Amino acid sequence: KNTSDTFSMDEFLVDALKGNVILGEPRNLACLAKTWKDGSSSKVCLKEINENEGVLLTEKLKAVDYEYREEVHWTKSQGLLGTGSFGEVYKMEDKQTGFQCAAKKVQVEHFRAEELSTCAGVTHAKVLPLYGAVKEGQWVTIFMKLMEGGSLGQLVKQCGYLPEDRALDYLSQTLEALEYLHTHNILHGDVKADNVLLSGDRSHAVLCDFGHAAQLHPDGIRNYLMTGDYVPGTETHLAPEIIMGKHCDFKIDIWSSCCMMLHLLNGYHPWIKYYNHPLCLKIAKELPPLREIPPSCHPSTVRVITSGLEKDPTKRASAAELRKKTCIALKQVGGLQSSWSGEYREPR
Ligand SMILES: CN1C=C[C@@](O)(C#Cc2ccnc(-n3nc(C(N)=O)c4cc(F)ccc43)c2)C1=O
């Protein structure tokens with residue numbers, strides 16, 4: 001099908017979806033989500049306040065008469081799980097099926113359609129599954145798989161810092177997700193420990209929070225970061241080329257993943273121990289924070305972080321290359337040995 005047919009098909013489809021919540025396909029959700037941001041112009045008339053529309057991607061979440069409303073069809077089942085980019089995340093339960101999952105609520109004016117359009121069609125063991133999204137008045141609620149182990153950021157806070165083998169294993173799983181996303185021209189844009197979620201036994205990690213994501217054109221020429229729609233990720237994890245306003249591509253996720261690695265190994269974000277805000281001037285000017293690699297690290301772990309923290313993105317390792325180096329380093333340190341005795345390690 002050529003794109004113009006597809007385009008009119010999508011327009012027709014969105015018309016049919018407006019004002020309804022259905023069980024549908026990822027592409028339905030991606031099309032509808034694109035109307036939520038511009039639809040949020042100041043004209044908040046009565047109809048808009050009560051409007052309820054969306055697409056659910058699993059039959060475990062059941063719309064009733066084309067509606068799926070909070071407190072009516074689903075409820076937040078306990079306190080806050082965490083806060084993502086512009087949103088709070090809760091555990092929720094479907095009132096009909098009893099199915100429990102996680103829900104992130106975002107105000108429409110802070111909602112980016114890319115948060116859904118980038119991850120909607122993605123199915124990968126290391127990427128958090130999307131279960132659907134609905135708009136109710138001025139709120140967008142995004143449903144996703146519940147990860148009982150919480151976030152890696154919470155784990156580091158709880159343990160102080162992680163042993164080298166555990167940190168390498170989580171970096172490797174994160175790089176598996178990035179390898180898949182980059183192959184599909186998706187840039188994550190905010191790789192950090194808070195956005196890596198864990199299974200109940202903490203053995204499996206998935207990447208989440210597409211609130212800063214973008215579908216990059218393979219030619220890489222169009223620098224989407226400068227089109228004004230870009231929302232920068234976490235300052236301590238920003239790659240130098242973003243700060244310099246230079247050409248940006250998938251390599252910015254690699255830089256962030258190694259900033260996350262330093263956070264896992266030390267118990268604190270890079271740069272903040274040596275510099276005051278605003279950090280971005282230092283990140284652009286200074287050498288990469290290699291001095292923050294713990295002296296106790298194995299030389300192959302040093303090699304991993306060094307090749308991920310190359311200031312020149314063309315010299316920086318890709319996700320595939322860095323994952324290979326990380327797996328070698330994990331073998332060199334003797335594989336996953338450290339137990340979860342959970343004793344606290346004072347940040348270095
Ligand atoms: C597929 N998809 C859909 C929305 C998404 O962009 C997100 C997110 C996000 C951001 C921050 N935090 C969490 N977060 N989720 C959970 C959970 N699912 O159990 C969670 C649990 C915590 F303990 C803390 C933060 C948490 C989730 C995305 O990726």
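Note that the coordinates shown come from a computational prediction; the quantities given were computed from them, not determined experimentally. Atoms within each ligand, like the ligands themselves, are counted from 1 in listed order. Positions are given from 1, in the same order as the sequence printed here.
- By the 3.5 Å distance cut-off applied to N or O atoms, Lys145 is counted among the residues near ligand 1.
- The side-chain hydrogen bond (donor to acceptor under 3.5 Å, both in side chains) analysis of residues 143-154, with sequence neighbours excluded, yields no pairs.
- If you number the atoms of ligand 1 from 1 as listed, the ones under 4.0 Å from a heavy atom of Leu146 come out as 19 (O).
- Cation-pi geometry between Lys76 and Tyr90 is met: the NZ or CZ atom falls under 6.0 Å from the ring centre, inside 45° of the normal.
- At a 4.0 Å heavy-atom cut-off, ligand 1 touches Met144 through the side chain alone.
- In Cys208, the parts holding a heavy atom less than 4.0 Å from any atom of ligand 1 are both the side chain and the backbone.
- A cation-pi contact, defined as under 6.0 Å to the ring centre and within 45° of the axis, is absent between Arg316 and Phe250.
- Atoms of ligand 1 lying under 4.0 Å from at least one heavy atom of Gln154, given by number and element, are 23 (F), 24 (C).
- The side chain of Ile142, and not its backbone, has at least one atom closer than 4.0 Å to an atom of ligand 1 (non-hydrogen atoms only; side chain from C-beta on).
- Residues Val196 and Met260 have side chains in contact (heavy-atom distance under 4.5 Å, counting atoms from C-beta outward).
- The shortest N or O to N or O distance between Asp209 and ligand 1 is under 3.5 Å.
- For Asp165, the side-chain hydrogen bond (donor to acceptor under 3.5 Å, both in side chains) test picks out Ser338, with sequence neighbours left out.
- Contacts with ligand 1 closer than 4.0 Å are made by no heavy atom of Asp194, backbone or side chain.
- Proximity to Met147 (heavy-atom distance under 4.0 Å) selects the following atoms of ligand 1: 17 (C), 18 (N), 19 (O).
- Classified by interplanar angle (parallel below 30°, tilted 30° to 60°, perpendicular above 60°), the ring pair His237/His263 is perpendicular.
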